[in-house]
Structures are given as C-alpha cells and as structure tokens.
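All figures in this text were calculated on a predicted structure; none of them were measured in a lab. Computed over heavy atoms, backbone and side chain alike; hydrogens, waters and symmetry mates excluded.
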Amino acid sequence: EKLLIMRLVSMMWQGEPALLCFLTRTLVDFKTEVAAQERETIFNSLIDRVYNGVVVIQNRQVVYLNAQMIERLGYTAGELIGREIFQHIHPDEMPEVLDRYTRRMAGEDVPRLYETRMVHKNGRFIDVQINAEIVTFQGQPADFVFVRDITERKQQQAALERQNRELNTLFKAATAISSNLSFAKVLETVAVQMTHALEVTGCSISLWRQAAQTVETLVDFSLDPKKK
C-alpha cells in the first residue's frame, strides 16, 4: 500500500469557487514508514486548506472540524468538539436537518446536497449548502459534511428578485397611467404594487399641502381585510 498525497488549491472556475487537486504517489510503503500521528498531521493539513468548512459528526456530536468551519461559526474548536452540531442549526431548519442525518446514518437514501441555515456565535444566520456522506472515521461510521457559505449568493439573489418586483411595479403603474384611468385608480394601483414589491402589509400615499400645513391621505391600501 503506497501513500497518495493530495494537495488542494482554492481557485475560481467559471465564476464559482473551486478546488484544484494534485495527487502524488510516493514510493514509500505507507504502513511501515508513515506513523499514525504523521498521517493525522497530513489529513489535518489537507482539510484545513479546503475552501469549504468541514465537520465530522458521530453520534450527533462534532468529532472533527477544520479551521474554515470554526471561523464560519465564530467559536473555538474547544467550544464545538464534543457538542451536538444541531445546536448551531437555525431552529426552523433543525428538525429537517436532524431527520436527514438520522436517516442517512440508518442507511436510507436521502439527498446529500441541500441548503439550510446555521447560527453564528453572535446570533446572525448563515445560509449554507450542505454536502454530506457517510464515511469511516477512526474506525466508526460518521457523517462527513462539507459546509459552503452561500450567504452572499442568497443576498444577491434576494436583491435581484426585489429589483424585478420594483421594475414590475413601475411597469404596471405606467400601464395604469396610459390606460386613461382616473387619478385615484392610478394611485391605488401604485399602492397595491408597492405593497407586493416591498413585501409589506400595506402602503399609503399622502399629499402634503404646504399652504394649509396639512397632510391629505390620497390612498391607503392594506392586505388586511379588516383595515380595508
């Protein structure tokens, strides 16, 4: 049995984070020449160079994680090792994540790749993509999980969706104006579209009459039937 040394280099490929992998086969007999401690050093060194966070879970507890995973959650290694990883999953997502872990460890066919949210030590939520697979770690079955931070991608996606809603609002408002509708009907159309575009419960449009120093509400739209 020979030793294969893997070197990983983080890079961007076609606009996405990627890893360039180099495999080198040595002429040294792995069993006789490389001690267990040296193998562990090699393993840790390689995993710490991986772009994504890595966590190994056995019996629902963290038994190993790399430097990127520690940084993403904001804890020290000592605060995470030996604790349940599910404590750091968003409460709304935790039941599904735990169910998938339990079924995967039981040998069921569950999705390896999915998205969820984790919780940083400071309380902020982190959108992540999970890629999990069962492996043997230190002689026991374990869940070997790659954790990719997709928060920025989610924010960009949300911003794009909001921009599309706003453009749609302007288009419908312009359509209303060009359809020779009454001024009141145009304002109502704008209020309705702004409510949906901004994902709020209602929208009011008011007119400030400077001479009289008064505010006149021209339209007050609400999604709540009781307020209509």
Side-chain angles (χ1 to χ4, degrees), residues 4-13 15-23 36-106 108 110-158:
L4 287 176
I5 298 178
M6 179 172 62
R7 296 177 176 84
L8 301 174
V9 178
S10 299
M11 60 177 293
M12 297 296 294
W13 177 259
E16 293 286 338
L19 290 174
L20 186 61
C21 177
F22 295 91
L23 288 176
Q37 185 175 359
E38 292 174 329
R39 292 197 302 251
E40 184 174 352
T41 300
I42 293 172
F43 174 81
N44 292 339
S45 177
L46 292 174
I47 292 299
D48 280 340
R49 285 168 171 76
V50 173
Y51 177 82
N52 296 323
V54 173
V55 58
V56 181
I57 308 166
Q58 282 179 333
N59 299 320
R60 297 173 49 160
Q61 295 183 341
V62 177
V63 294
Y64 177 85
L65 70 169
N66 69 344
Q68 284 76 6
M69 194 67 213
I70 294 171
E71 180 180 354
R72 278 175 171 77
L73 292 178
Y75 292 87
T76 65
E79 291 175 311
L80 294 170
I81 296 294
R83 297 182 61 180
E84 281 203 13
I85 188 62
F86 304 104
Q87 299 178 38
H88 308 291
I89 302 295
H90 189 288
D92 295 343
E93 308 281 354
M94 194 270 287
E96 182 179 4
V97 174
L98 178 58
D99 177 68
R100 288 186 174 186
Y101 166 79
T102 302
R103 291 166 56 199
R104 183 182 302 107
M105 297 306 295
E108 294 185 34
V110 295
R112 294 175 47 194
L113 192 67
Y114 62 95
E115 295 180 2
T116 187
R117 287 177 292 172
M118 302 190 75
V119 184
H120 191 275
K121 186 176 182 179
N122 63 14
R124 67 180 174 87
F125 300 139
I126 312 167
D127 290 297
V128 297
Q129 183 185 70
I130 300 294
N131 190 342
E133 185 172 357
I134 296 179
V135 299
T136 299
F137 185 80
Q138 296 180 345
Q140 298 294 327
D143 201 15
F144 192 95
V145 185
F146 284 93
V147 181
R148 179 185 176 190
D149 189 338
I150 59 172
T151 303
E152 184 176 350
R153 190 191 79 185
K154 285 285 190 178
Q155 291 173 344
Q156 292 173 346
Q157 181 179 343

> For Asn59 and Gln61, does a side-chain donor sit closer than 3.5 Å to a side-chain acceptor?
no

> Please list, chain by chain and in numerical order, all residues satisfying side chain to side chain donor-acceptor pair (under 3.5 Å) with Asn122, sequence neighbours excluded.
His120

> How long is the span from the CD atom in Gln68 to the CZ atom in Phe146, to the nearest 0.5 Å?
11.0 Å

> Does anything in residues 55-65 pair up under salt bridge (charged side-chain N to carboxylate O under 4.0 Å, His left out), and if so which pairs, sequence neighbours excluded?
Arg60-Glu84

> Can you measure from CD (Gln87) to CE (Met118) and round to the nearest 0.5 angstrom?
11.0 Å

> My understanding is that only residues two or more places apart in sequence, or in another chain, count here; which of them pass salt bridge (charged side-chain N to carboxylate O under 4.0 Å, His left out) with Glu152?
none

> I'd like to check the ring pair (Phe, Tyr, Trp, His ring centres under 6.0 Å) partners of His90; sequence neighbours left out, ordered by chain and number.
Phe125

> Looking at residues at least two apart in the chain, or sitting in another chain, which of them share a salt bridge (charged side-chain N to carboxylate O under 4.0 Å, His left out) with Arg83?
none

> My understanding is that only residues two or more places apart in sequence, or in another chain, count here; which of them pass ring pair (Phe, Tyr, Trp, His ring centres under 6.0 Å) with Tyr114?
none

> With sequence neighbours excluded, what pairs up with Gln155 under the side chain to side chain contact (heavy atoms under 4.5 Å, CB included) test?
Thr151

> Applying the side-chain contact (heavy atoms from CB on, under 4.5 Å) criterion to Leu65, which one of Ile81, Ile85, Val56 satisfies it?
Ile81

> Residues two or more places apart in sequence or in another chain: which of them pass salt bridge (charged side-chain N to carboxylate O under 4.0 Å, His left out) with Asp127?
none

> Could you list the residues that satisfy side chain to side chain contact (heavy atoms under 4.5 Å, CB included) with Val145, not counting sequence neighbours?
Val55, Ile57, Ile130, Ala132, Asp143, Val147

> Could I get the full list of side chain to side chain contact (heavy atoms under 4.5 Å, CB included) partners for Glu79, not counting sequence neighbours?
Tyr75, Thr76, Lys121

> Check side chain to side chain donor-acceptor pair (under 3.5 Å) between Glu108 and all other residues, then give those that pass, not counting sequence neighbours.
Arg103

> Could you work out, with side chain to side chain contact (heavy atoms under 4.5 Å, CB included) as the rule, every residue matching Glu71, not counting sequence neighbours?
none

> Distance check, rounded to the nearest 0.5 Å: Arg117 atom CZ versus Lys154 atom NZ?
9.0 Å

> For the atom pair CD (Gln138) and OG1 (Thr136), what is the distance rounded to the nearest 0.5 Å?
11.5 Å

> Provide the closest heavy-atom pair for Ala77 versus Ile70 in the form atom of the first, atom of the second, distance.
CB-CD1, 3.7 Å

> Provide the closest heavy-atom pair for Val54 versus Met69 in the form atom of the first, atom of the second, distance.
O-CB, 3.6 Å

> Can you tell me how far apart CE (Met105) and CD (Gln58) are? Round to the nearest 0.5 Å.
7.5 Å

> Hey, could you give me the CZ/CD1 distance between Arg72 and Ile126, rounded to the nearest 0.5 Å?
8.5 Å

